[in-house]
Amino acid sequence: MNLDAIDWSRVEHDLDAQGQAVLPGLLDEAVCLEVAAMYAQRERFRSRVVMDRHAFGRGEYQYFAYPLPEPLAALRPALYARLRPVANRWNRAMDIPVSYPERHEEFLERCHAAGQTRPTPLLLQYGAGDYNCLHQDLYGEHVFPLQVAVLLSAPGRDFTGGEFVMTEQRPRMQSRPMVVPLGQGDAVVMAVHHRPVQGTRGPYRVQLRHGVSEVRSGHRHTLGLIFHDAT
Ligand SMILES: O=C(O)CCC(=O)C(=O)O
Ligand SMILES: [Fe+2]
């Protein structure tokens with residue numbers, strides 16, 4: 001994990017232009033394999049979700065329990081600090097009277113005081129035929145408007161299909177699809193649910209959703225980092 005190697009002005013530009021941006025090579029291959037292997041260590045997690053039981057898609061995921069293991073424990077506050085200026089600027093543009101404190105810990109205290117005490121970082125596991133329906137990761141009143149997903153598996157080698165997709169819904173218009181190309185260790189930063197777009201008569205909001213197309217073969221693991229906690 002080397003956050004200094006990332007071109008954050010390009011990330012900010014891409015987030016403003018399309019609601020998502022790639023962080024290339026966020027985790028190296030050895031770390032990807034180590035994190036993916038945690039899936040089998042049930043004691044690391046607070047709960048497991050089998051997606052087809054809830055009509056969320058097909059496949060499964062587990063939410064980590066506190067304390068988070070490394071590298072997640074360090075990555076979550078470090079990414080928060082880099083993304084906080086965009087989150088604050090987006091809220092100002094959308095007239096949302098919420099600003100995010102300097103430290104992630106302080107934001108978590110706000111979540112916890114409102115009953116959002118459960119950790120949201122998650123590990124997802126897909127096999128052939130699995131997919132993730134378009135969704136928004138909202139877990140209560142307190143929302144940090146950006147989240148990160150790291151692809152832990154190698155496309156072409158570990159799996160085929162399984163593309164990361166997003167849609168952006170503009171008011172009274174049809175949805176715009178986006179496919180985000182990711183290699184092993186690359187991450188996508190994305191809007192959790194909405195973002196401001198500059199219109200001729202001022203800024204307006206667009207709604208975003210993300211999901212994963214069907215995995216055709218092999219296995220695909222993803223690490224999801226959401227900055228608010230859950231009720
Ligand atoms: O598996 C993926 O790429 C999507 C993960 C996801 O939905 C998330 O991290 O919130
Ligand atoms: Fe998600």
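For ligands, and for the atoms within them, numbers begin at 1 and follow the listed sequence.
The number of heavy-atom neighbours closer than 6.0 Å to CZ of Arg46, taken from other residues, nucleotides and ligands shown, is above 12.
Ion pairing of Asp7 with Arg82 is absent here, as no side-chain N (NZ or NE/NH1/NH2) approaches a carboxylate O to less than 4.0 Å. Salt-bridge formation is not detected for the pair Arg209/Asp137: no Lys NZ or Arg NE/NH1/NH2 atom is positioned less than 4.0 Å from an Asp or Glu carboxylate oxygen.
When the N, O or S atoms of Asp137 are ranked by distance to the Fe ion (ligand 2), OD2 comes first.
Geometry note: the Fe ion (ligand 2) is the vertex, His210 NE2 and His135 NE2 are the arms, and the angle is 90° (rounded to 10 degrees).
Under a 3.5 Å cut-off, the side chain of Arg195 and the backbone N or O of Asp16 do form a donor-acceptor pair. Not a single donor-acceptor pair under 3.5 Å links the side chain of Gln184 to the backbone N or O of Leu151.
Because its NZ or CZ atom is both nearer than 6.0 Å to the ring centre of Phe159 and within 45° of the ring axis, Arg220 counts as a cation-pi partner of that residue.
Annotation: ring-ring contact (aromatic ring centres under 6.0 Å, His included) contacts of His219 (sequence neighbours excluded): none.
The 4.0 Å heavy-atom shell around ligand 1 contains residues Leu124, Tyr126, Asn132, His135, Asp137, Gln147, Ala149, Phe164, His210, Val212, Arg220, Thr222, Gly224, ordered by chain and number.
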